[in-house]
Amino acid sequence: MQVNRLVATMRANLKGNLNMENTYNQVEIERKWQKRWEEDNLYKVNEHSDRPKWYALTMFPYTSGDLHIGHWYAMAPSDVHARFKRMQGFNVLHPIGFDAFGLPAENAAIKRGIHPYQWTMKNVENMRKQLKTIGAIYDWDREVITCQPDYYKWTQWFFLKLYQHGLAYRSKAPVNWCPRCQTVLANEQVLANGTCERCDEPVVRKDLEQWFFRITKYADELMQHEGLDWPERIKTMQNNWVGKSTGTDISFELNIPGVEEKEIRVFTTRADTVYGVTFMVLAPENPLVEKITTPDMKADVEAYIAKTRRFTEIERLSTEKEKDGVFTGAYVTNRLNGDKVPVWIADYVLAGYGTGAVMAVPAHDERDFAFAKKYNLPVKVVISPPDWNGAPLEAAYTDEGKMVNSAQFDGTPNKEGIGKVAEFLEEKGWGKRTISYKLRDWLISRQRYWGAPIPMIYCQKCGIVPVPEEELPVLLPEDAEFKPTGESPLKYCASFVNTTCPECGGAAKRETDTMDTFMCSSWYFLRYANAHIDTAAFDKEAVKYWLPVDLYTGGAEHAVMHLFYARFFTKAIRDMGLIDFGEPFIKLFNQGTIISNKQKMSKSRGNVVNPDSYVSRLGADTVRCYLMFVAPWEQGGDWNDNGIAGINRWLNRVWKLATEAYTPNNVDEEEFRNLQRIIHQTIKKVTQDIDKIRYNTMISTLMEYTNYLGKVKDNGSVSQKDWEEAVKTLLLLLAPSAPHLAEELWLQTGHKYSIHNWKWPEWDETLAQDEEIPIIIQINGKTRDKVTVPASITEEEAKEIILAKPKVKTYIEGNEIIKIIYVPKKLLNLVIK
RNA sequence: GCCGAGAUGGUGGAAUGGCAGACACGCUAGCUUGAGGGGCUAGUGAGCGUAAGCUUGUGAGAGUUCAAAUCUCUCUCUCGGCACCA
């Protein structure tokens with residue numbers, strides 16, 4: 001006894017500031033079972049099974065080098081769900097791998113002289129070791145690492161496929177350039193404030209020849225989420241990103257001697273306001289600007305364009321910025337009413353949207369109104385506000401009204417007018433109904449080393465020539481130099497750049513840009529089906545069996561990046577006939593963020609929680625259960641050392657319950673029925689909660705069950721056999737959440753290895769029913785009393801019992817009962833006066 | 001500015017039309033122990049009361065209902081997304 005206490009004390013002291021005592025050695029048990037499971041290949045998966053398949057995928061981690069608590073928060077609860085499905089009889093694929101290309105590896109190379117490959121693989125090794133401590137059912141045979149040649153060979157192969165199908169093209173375009181990362185970025189990687197997603201540096205515009213994927217071809221399909229069980233907000237974000245709007249292209253007559261173009265086309269959603277056009281605005285980048293600018297305005301226009309270019313994206317995109325512009329000296333004619341209107345340029349018109357030109361209707365557009373006021377341009381009302389007396393407007397009128405000053409359309413409600421004007425324009429050949437999208441094609445070129453090289457060759461004679469499939473992979477050269485200038489090492493690597501043309505055999509140069517890493521993650525879920533196949537990117541049969549992913553979990557930050565690209569990719573290769581489904585992820589679930597001290601974890605705040613230190617003191621099971629218990633998974637939670645202590649206490653109680661001797665005493669038939677009912681109610685609630693991904697209430701249900709069993713044990717009120725059955729159920733229900741503890745106790749309570757191959761318990765609805773139920777008694781809606789009655793009670797019987805209660809009588813006395821509301825098995829409300 | 005989510009004890013949260021605060025944390029008291037830690041038992045929204053009990057209470061205000069944390073409207077605040085998209 002004395003010795004035990006002393007050992008316990010010493011152990012408690014070792015735990016430092018976490019003052020907890022343990023009745024069992026979690027860490028040792030976990031190590032033991034992890035080793036055994038691995039030796040036995042317990043979690044190895046194959047496609048030859050008569051069980052239904054279940055593909056549970058967690059977004060794979062980037063090889064940052066350390067598995068932090070955020071990774072645990074993403075992975076541990078996913079594993080619980082996957083284990084649950086497995087016990088329920090599904091053939092579960094729950095793979096893991098690494099997103100291994102990307103800038104940090106290259107920065108490490110520049111800074112510390114380590115080759116990106118070495119840096120990355122060292123991180124993989126470390127993270128793999130850490131990942132194994134979670135005790136997940138990962139089948140490590142299926143691990144994929146995107147920077148390995150056997151993987152990126154196929155990333156390059158997909159590039160060639162997209163190229164062959166006209167979905168990859170090269171084009172010169174104004175692109176987002178991050179001066180710090182020394183590379184271009186996709187639109188999706190530029191934050192709302194115009195800074196780089198990676199390093200927060202302001203992004204600038206550059207004109208560069210780049211590779212694009214034609215994601216816009218799938219704009220409409222990407223807005224469709226039918227049959228997908230996805231969070232509404234992700235679907236909304238994706239749809240906003242596509243930004244579809246229906247409108248009309250309208251041609252304005254341009255007649256300038258010596259200028260080839262005879263029209264300027266604008267895109268508008270408000271064709272009903274076309275009679276109110278008083279000027280036109282072109283984007284400064286619009287190629288027409290140079291041609292139409294009159295000699296006397298040339299200097300002003302050029303100065304304005306130069307100024308625009310100097311602005312960073314932040315400044316240009318700021319809605320705060322006052323709208324300014326300059327007149328080009330040119331005029332166009334509004335074909336509908338013959339009005340000659342001046343053509344201006346202004347940076348609030350975007351080159352990349354619509355036609356890069358807008359018709360300005362200051363009376364009915366706030367931006368145009370502000371611009372007109374600033375430059376004293378006329379405002380012409382064509383949609384009448386209610387009770388409008390013809391006075392000049394104080395502000396733009398953007399609501400509905402009847403059309404005025406609009407020739408034959410006068411009197412038409414403006415909403416109707418949109419279609420009527422468009423129809424008229426089409427008849428005359430002056431316009432055409434069109435659809436515009438905000439979505440731009442996906443820019444995939446990166447001027448970096450650490451990515452999959454774009455498999456293209458430039459030949460003086462033959463032009464752009466794809467690398468033949470049989471020559472893949474185009475390997476990254478090992479002798480590249482990483483200079484602090486930040487320029488792409490590939491550009492200056494002669495052994496890489498110089499090659500021969502596959503077509504003519506002459507000297508040629510390789511493309512030195514590599515692919516956006518989102519390309520690697522756009523197809524990794526296919527590779528998991530068979531990670532070893534070396535004759536194809538993916539195993540057609542295995543993909544047919546496993547895909548699509550049944551449950552995909554990860555952070556919401558990927559809404560318009562990874563998730564969007566992966567969907568595009570899936571649709572593109574479906575149309576190539578490579579697969580027969582168009583959506584990769586059936587159900588999507590976004591977990592929240594785990595924070596600490598009410599703040600985001602960061603090194604500078606010093607509030608980073610290191611999972612390893614908790615795992616090595618309290619065990620993975622404790623950390624797993626705590627992460628599930630702390631808050632609803634989709635919401636995210638605040639890490640708290642006191643909170644995890646509570647979980648530790650609970651698991652210790654479970655241990656004692658299962659290992660300490662049980663002594664029946666006063667065995668009671670009624671107690672048995674209570675126990676049986678609670679067992680079935682617990683199975684029901686736990687099963688439904690895991691199904692609905694409500695882990696926090698699932699854990700609290702298990703705690704309640706544990707607390708109840710504690711009382712049963714103290715009383716010894718059920719037989720030995722019934723007690724053992726009750727404990728067995730607890731262990732089975734606990735198995736997905738605390739797999740090591742459950743396995744250990746399973747053996748210690750005399751069951752056969754392994755609990756994880758055991759069937760998930762099922763509940764019997766009849767046995768779960770309460771025999772007696774409380775009826776709430778309300779007087780005028782206020783709870784006044786409560787009565788316990790048999791569940792089968794009729795309304796008449798219940799009323800009789802309740803109205804006979806002395807306490808109820810005191811309330812009724814001297815009053816009139818107006819109404820009696822009876823809700824079976826719940827309450828009775830007496831409305832009295 | 002627009003769109004979406006949210007606001008419940010000292011804390012994390014539970015309850016989705018029917019007993020508000022399950023389950024935990026923390027706190028208080030008692031027991032156990034050589035002290036500390038740990039463990040166990042009881043209590044714990046607030047106010048009044050020795051108690052039974054009463055009153056009050058889910059961001060603010062109004063409404064629907066026999067009954068509202070839950071449904072409707074208005075407002076405040078917090079978080080997330082979008083933001084010159086013509």
Side-chain angles (χ1 to χ4, degrees), chain A residues 2 5 8-9 11-13 15 18-23 192-193 231-234 236-237 239-241 243-245 247 266-270 273 281 316-321 323 346-350 352-361 364-368 370-371 436-439 556-557 559-560 592-593 598 626 629-632 634-647 649-650 652-653 656 694 696-704 706-707 710 774-786 818-823 825-832:
Chain A
Q2 280 292 334
R5 289 201 56 79
T9 305
R11 212 183 274 159
N13 289 343
K15 291 184 188 300
L18 276 173
N19 290 314
M20 290 167 227
E21 191 175 332
N22 291 299
T23 40
N193 64 5
E232 279 308 315
R233 72 196 176 103
I234 300 290
T236 310
M237 278 164 75
N239 291 349
N240 289 343
W241 193 259
K244 182 178 181 170
S245 60
V266 298
F267 173 77
T268 182
T269 53
R270 293 293 305 275
T273 63
V281 190
R316 176 138 180 213
L317 285 174
S318 166
T319 41
E320 245 74 314
K321 184 174 162 284
K323 285 163 194 30
D347 63 4
Y348 78 88
V349 175
L350 307 173
Y353 184 75
T355 60
V358 302
M359 59 179 218
V361 185
H364 308 293
D365 182 284
E366 280 161 28
R367 294 156 301 177
D368 298 344
F371 199 84
S436 247
Y437 298 92
K438 276 169 62 182
L439 182 68
E557 67 275 15
V560 289
T593 318
K598 321 245 178 219
Y626 176 61
F629 182 67
V630 69
E634 69 270 28
Q635 186 188 303
D638 195 359
W639 183 277
N640 180 319
D641 278 359
N642 289 324
I644 199 168
I647 295 289
R649 259 173 236 158
W650 168 52
N652 274 297
R653 283 203 303 276
K656 282 195 210 156
R694 283 159 54 167
N696 57 330
T697 48
M698 182 269 284
I699 296 288
S700 71
T701 304
L702 287 176
M703 285 175 170
E704 280 176 86
T706 308
N707 294 345
I775 300 277
I776 304 305
I777 303 166
Q778 292 186 340
I779 314 288
N780 287 340
K782 287 193 177 186
T783 306
R784 292 300 178 189
D785 204 356
K786 183 162 82 169
I818 300 167
K819 206 172 178 186
I820 301 178
I821 290 122
Y822 179 72
V823 183
K825 301 188 181 185
K826 279 196 178 137
L827 96 168
L828 186 128
N829 187 9
L830 292 168
V831 185
I832 60 171

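Since the structure is predicted, the reported quantities are computational estimates derived from the model, not experimental observations. Excluded from the calculations below are hydrogen atoms, water molecules and symmetry mates; all remaining heavy atoms, backbone and side chain alike, are included. The chains referred to below are lettered A, B, ... by the order of the sequence lines, with proteins before strands, and numbering in each begins at 1.
Within the 4.0 Å cut-off from OP1 or OP2 of B:G12, not a single side-chain nitrogen or oxygen of A:N640 is found. Taking 4.0 angstrom as the limit, A:N707 places a side-chain polar atom (N or O) nearer than this to OP1 or OP2 of B:A24. When the side-chain nitrogen and oxygen atoms of A:Y348 are compared with OP1 and OP2 of B:A86, none of them lie within a distance under 4.0 Å. In this model, the phosphate group of B:A14 is approached by a side-chain N or O of A:N696 to a distance below 4.0 Å at OP1 or OP2. For the pair A:Q635 and B:G13, the criterion of a side-chain N or O lying under 4.0 Å from OP1 or OP2 is met. Between A:R784 and B:C54 there is a side-chain N or O to OP1 or OP2 distance below 4.0 Å. OP1 and OP2 of B:G18 both lie 4.0 Å or more from every side-chain N or O belonging to A:T783. At least one side-chain nitrogen or oxygen of A:R649 sits closer than 4.0 Å to the OP1 or OP2 atom of B:C25. Taking only side-chain nitrogens and oxygens, A:R694 never comes nearer than 4.0 Å to OP1 or OP2 of B:A22.
Counting only distance, with no hydrogens or angles, the side chain of A:N240 and the backbone of A:G243 share no donor-acceptor pair below 3.5 Å. Looking only at distances, a side-chain donor or acceptor of A:N829 sits under 3.5 Å from a matching main-chain atom of A:G781. Looking only at distances, a side-chain donor or acceptor of A:Y626 sits under 3.5 Å from a matching main-chain atom of A:N640. Using a distance-only test at 3.5 Å, with no hydrogens or angles considered, no donor-acceptor pair links the side chain of A:D785 to the main chain of A:Q778.
The distance from atom CD of A:Q778 to atom P of B:U65 is 17 Å, rounded to the nearest whole Å. Regarding A:E634, its CD atom lies at a distance of 12 Å from the C1' atom of B:G13, rounded to whole Å. Rounded to whole Å, atom C1' of B:A86 lies 17 Å from atom OH of A:Y437. Distance A:K782 NZ to B:C54 C1': 10 Å, rounded to the nearest Å. For the pair A:L702 CG and B:A22 C1', the interatomic distance rounds to 14 Å; values are reported in whole Å. The nearest whole Å value for the distance from the CD1 atom in A:I776 to the C1' atom in B:A15 is 14 Å. Summarising the geometry, the separation between CD1 on A:I647 and P on B:C25 is reported as 9 Å, rounded to the nearest angstrom. A:K438 has its NZ atom 7 Å from the C1' atom of B:A83, to the nearest Å.
Within the 4.0 angstrom heavy-atom criterion, base atoms lie near A:V823. Contacts of A:D638 with the nucleic acid, taken as non-hydrogen atoms under 4.0 Å apart, are absent. A:P632 comes within contact range of the sugar-phosphate backbone alone, with a heavy-atom separation under 4.0 Å but no base atom that close. Using a 4.0 Å heavy-atom distance criterion, A:F629 is classed as a base contact.
Rounded to a whole angstrom, the distance from the P atom of B:C77 to that of B:G10 is 23 Å. On the P atoms, B:A68 is 11 Å away from B:C19, given to the nearest whole Å. The P atoms of B:G45 and B:G9 are separated by 13 Å, rounded to the nearest whole Å. Comparing the P positions of B:A52 and B:U44 gives a spacing of 10 Å, expressed to the nearest Å. For B:A29 and B:A67, the P atoms lie 44 Å apart once the distance is rounded to whole Å. On the P atoms, B:G53 is 27 Å away from B:G30, given to the nearest whole Å. Going from the C1' atom of B:U78 to that of B:C71 covers 24 Å, rounded to whole Å. Taking atom C1' on both B:C66 and B:G1, the two are 44 Å apart, rounded to the nearest angstrom.
Of the candidate nucleotides B:G81, B:G18, B:C19, B:G18 has the atom nearest to the side chain of A:I821. Of the listed nucleotides (B:A86, B:C66, B:A24), B:A86 has the atom at the smallest distance from the side chain of A:F267. Closest to the side chain of A:E704, out of B:C23, B:A14, B:C40, is B:C23. Each of B:G18, B:C84, B:G4 was ranked by its minimum atom distance to the side chain of A:R233; first place goes to B:G4. Taking only side-chain atoms of A:L827, from C-beta outward, the nucleotide of B:A86, B:G12, B:G18 with the closest atom is B:G18. Comparing B:G13, B:C84, B:C66 by their closest approach to the side chain of A:K819 singles out B:C66. Nearest nucleotide to the A:R653 side chain, out of B:A83, B:A24, B:C3: B:A24.
At a cut-off of 3.5 angstrom, the base of B:C25 holds no donor-acceptor pair with the side chain of A:N642. Side-chain N/O atoms of A:K323 and base N/O atoms of B:C84 include a donor-acceptor pair closer than 3.5 Å.
Nearest-nucleotide assignment on RNA chain B puts the 5′-proximal partner with A:K786, out of A:K786 and A:G354. The nearest heavy atom of RNA chain B to A:G356 and to A:W241 marks one nucleotide each, and the one closer to the 5' end goes with A:W241.
Annotation: side chain of A:T706 is in contact with side chain of A:W650 (closest heavy-atom distance under 4.5 Å). With contacts defined as side-chain heavy-atom distances shorter than 4.5 Å, the pair A:S245/A:Y437 does not qualify. Between A:V831 and A:I821 there is a side-chain heavy-atom pair separated by less than 4.5 Å.
Of the nucleotides present, none pairs with B:C19 by Watson-Crick or G-U wobble criteria with both distances under 3.5 Å. In this structure, B:G53 and B:C48 make a Watson-Crick or G-U wobble pair, each of the two defining distances being under 3.5 angstrom. Summarising the base pairing, B:C2 is matched to B:G81 through a Watson-Crick or G-U wobble pair whose two defining distances lie under 3.5 Å. Under the Watson-Crick or G-U wobble criterion, with both distances below 3.5 Å, B:C73 is paired with B:G61. Under the Watson-Crick or G-U wobble criterion, with both distances below 3.5 Å, B:G38 is paired with B:U32. Applying the Watson-Crick and G-U wobble criteria (two distances, each under 3.5 Å), B:A24 pairs with B:U11.
Base orientation for B:G9: syn, the chi torsion being within 90° of 0.
For A:E366, the CD atom is loosely surrounded, since the number of other residues' heavy atoms within 6.0 Å does not exceed 12.
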Q) Given the rule in the side-chain contact (heavy atoms from CB on, under 4.5 Å) test, do A:L828 and A:I820 qualify, once you have shown the distances and angles that lead to the verdict? A) CA-CA 7 Å; A:L828 186 128; A:I820 301 178; 3.9 Å; yes
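Scanning all heavy atoms of the two residues, the minimum distance from A:Y353 to A:S436 falls at OH-CB, 3.5 Å.
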